[in-house]
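Input: a single structure, listed below in structure tokens.
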2 protein chains.
Amino acid sequence: MRKGASGRNELIAAIAEVFRAHGYAGASLALITEATGLGKGSLYNFFPGGKDEMAAAVMAHIDHWFEDEVFSPLRETKNPQEGISRMLAATDAYFHSGRRVCLVGAFALDDARDRFAAEIRSYFGRWVADLAGALRRTGRQEAQAERLAEESVAGIQGALTLARAFDDPDVFSRTMASIRERLGAADI
Amino acid sequence: MRKGASGRNELIAAIAEVFRAHGYAGASLALITEATGLGKGSLYNFFPGGKDEMAAAVMAHIDHWFEDEVFSPLRETKNPQEGISRMLAATDAYFHSGRRVCLVGAFALDDARDRFAAEIRSYFGRWVADLAGALRRTGRQEAQAERLAEESVAGIQGALTLARAFDDPDVFSRTMASIRERLGAADI
DNA sequence: ACTCGTTTGTACCAATCGGTACAAACATCG
DNA sequence: CGATGTTTGTACCGATTGGTACAAACGAGT
């Protein structure tokens with residue numbers, strides 16, 4: 001890797017955008033070559049496993065980012081309401097306020113789900129479980145916390161879909177505001 | 001068409017399942033041939049425009065079904081609460097209680113969105129607008145009705161994503177129950 | 001039985017797919 | 001400078017892609 005230690009992360013980020021825009025099947029090596037400026041020789045040098053390994057690396061990269069910025073604040077912040085606020089802010093930033101799509105969600109719909117079933121399940125599973133944990137710590141009952149967490153994550157995913165469908169990021173912002181309210185309101 | 005008038009609808013339904021399972025890019029003619037039992041000769045006889053026309057026919061087919069079973073009850077049922085109930089029941093039936101995926105939603109994420117932007121926007125637009133109309137007729141204020149409708153449709157889409165991700169249709173059923181409650185509760 | 005339009009299978013096309021091979025160009029370090 | 005391991009571009013591979021051509025098989029009407 002020529003460009004120093006951060007080169008691989010930037011490379012993975014560039015590849016991620018291709019998968020995001022075209023899905024697994026639609027992300028051809030030609031598109032990846034174009035997006036990264038790297039020929040097939042380099043690509044297969046960094047990812048000997050080919051397209052599959054590239055997608056796996058992208059998934060792992062996303063997973064780490066969410067673990068650090070979204071999930072772990074939910075678990076480890078002393079004040080659960082602050083953890084929830086941090087997760088909402090990070091989520092909003094990550095999805096560029098609705099202009100960006102969730103690759104894991106897109107893979108879940110597509111037949112890439114079979115390939116990455118474990119990673120997809122783990123990603124959403126931790127999101128829901130960690131949010132439910134924070135909600136419990138605000139005083140909510142377990143069943144209610146679980147349901148609210150599930151609905152919130154689903155709401156975020158659905159809002160991303162609708163924002164893309166309408167080509168209108170405001171849909172996402174409005175839904176995020178509403179979710180923030182539902183999650184914040186009662187700490188009964 | 002040999003098999004009578006309903007043959008085309010069945011053909012479109014079979015093709016729809018291929019797009020649903022593999023996305024636009026992943027739905028190869030080989031898969032469509034296999035799923036329909038029809039050779040390329042027949043396929044291009046019925047859809048001279050090729051894959052694009054097949055996808056367009058599938059989209060139109062879905063659009064008509066939702067118009068008849070989901071949107072129009074929202075607009076035309078005298079009692080708006082009954083219209084909402086009918087739309088929820090039809091939605092649950094269509095998505096096989098969470099075991100089936102929303103093709104329009106999947107296309108919205110994928111790069112098929114560019115091809116079918118108008119159809120996708122119209123589909124979700126009518127869903128939200130007609131639901132908001134019914135909510136207004138229950139006595140809600142316009143702004144609140146609009147927001148609730150948008151969140152409900154987003155919630156349905158997100159629940160489909162999560163149900164696929166967890167491979168657990170119950171996620172969808174739970175979310176649908178919760179949406180039913182939110183939509184039914186107050187007719188203030 | 002004969003015709004006529006539809007439906008079907010097969011063979012074929014150029015383009016692109018993901019992937020491999022490998023030698024030239026490179027950076028790094030003694 | 002020379003040696004060594006990494007990075008890169010190019011050429012190539014068989015398989016598959018979406019799409020076309022077309023003659024044989026078919027069904028319905030007379």
Side-chain angles (χ1 to χ4, degrees), chain A residues 1-60 103 106-107 110-116, chain B residues 1-60 103 106-107 110-116:
Chain A
M1 180 86 44
R2 293 249 171 83
K3 314 175 178 179
S6 75
R8 174 164 247 260
N9 277 341
E10 290 161 19
L11 175 56
I12 290 177
I15 296 175
E17 292 312 314
V18 181
F19 281 115
R20 231 183 273 281
H22 301 96
Y24 185 84
S28 68
L29 290 187
L31 286 169
I32 296 175
T33 285
E34 189 187 357
T36 58
L38 259 48
K40 288 207 251 188
S42 311
L43 251 21
Y44 274 83
N45 178 38
F46 297 131
F47 306 101
K51 206 174 148 178
D52 223 272
E53 186 175 342
M54 295 179 209
V58 166
M59 291 287 280
L103 182 61
F107 274 14
D110 187 308
D111 59 350
R113 189 196 61 154
D114 302 328
R115 231 178 284 256
F116 299 109
Chain B
M1 181 88 45
R2 294 252 171 81
K3 313 175 178 179
S6 75
R8 175 164 245 259
N9 277 341
E10 291 162 19
L11 174 56
I12 290 177
I15 296 174
E17 293 311 314
V18 180
F19 280 114
R20 230 183 274 280
H22 301 96
Y24 185 85
S28 68
L29 290 188
L31 286 170
I32 297 175
T33 285
E34 190 187 355
T36 59
L38 260 47
K40 288 207 250 187
S42 312
L43 250 22
Y44 274 83
N45 178 38
F46 297 132
F47 306 101
K51 205 173 149 179
D52 223 90
E53 186 175 341
M54 295 180 209
V58 166
M59 290 288 278
L103 182 61
F107 274 14
D110 196 306
D111 60 350
R113 189 197 63 154
D114 303 328
R115 232 178 285 258
F116 299 108

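Atom CZ of A:F46 is separated from atom P of D:dG9 by 10 Å (rounded to the nearest Å). Rounded to whole angstrom, the span from the NE2 atom of B:H22 across to the P atom of D:dG18 amounts to 12 Å. The distance from atom CG of A:N45 to atom C1' of D:dT6 is 7 Å, rounded to the nearest whole Å. At whole-Å resolution of the value, CD in B:E34 and P in D:dG18 are 14 Å apart. The distance from atom CG of B:L43 to atom P of D:dT20 is 13 Å, rounded to the nearest whole Å.
At least one side-chain heavy atom of A:I12 sits less than 4.5 Å from a side-chain heavy atom of A:F47. B:F107 has its side chain out of reach of B:R115: every pair of non-hydrogen atoms, C-beta onward, lies at least 4.5 Å apart. Counting heavy atoms from C-beta outward, B:F116 and B:D110 have side chains that stay 4.5 Å or more apart.
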Sugar-phosphate or base contact per nucleotide [nucleotides 12-20 of chain C; S, B, -; heavy atom under 4.0 Å] | -----SBBB

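Within 6.0 Å of atom CD in A:E53, more than 12 heavy atoms from other residues, nucleotides or ligands are found, so the atom counts as buried in its surroundings.
For the side chain to side chain donor-acceptor pair (under 3.5 Å) condition, the pairs that include at least one residue of residues 22-32 of chain B, sequence neighbours left out, are B:Y24-B:D52.
Shown here are the side-chain contact (heavy atoms from CB on, under 4.5 Å) partners of B:A16, two or more places apart in sequence or in another chain: B:R20, B:V58.
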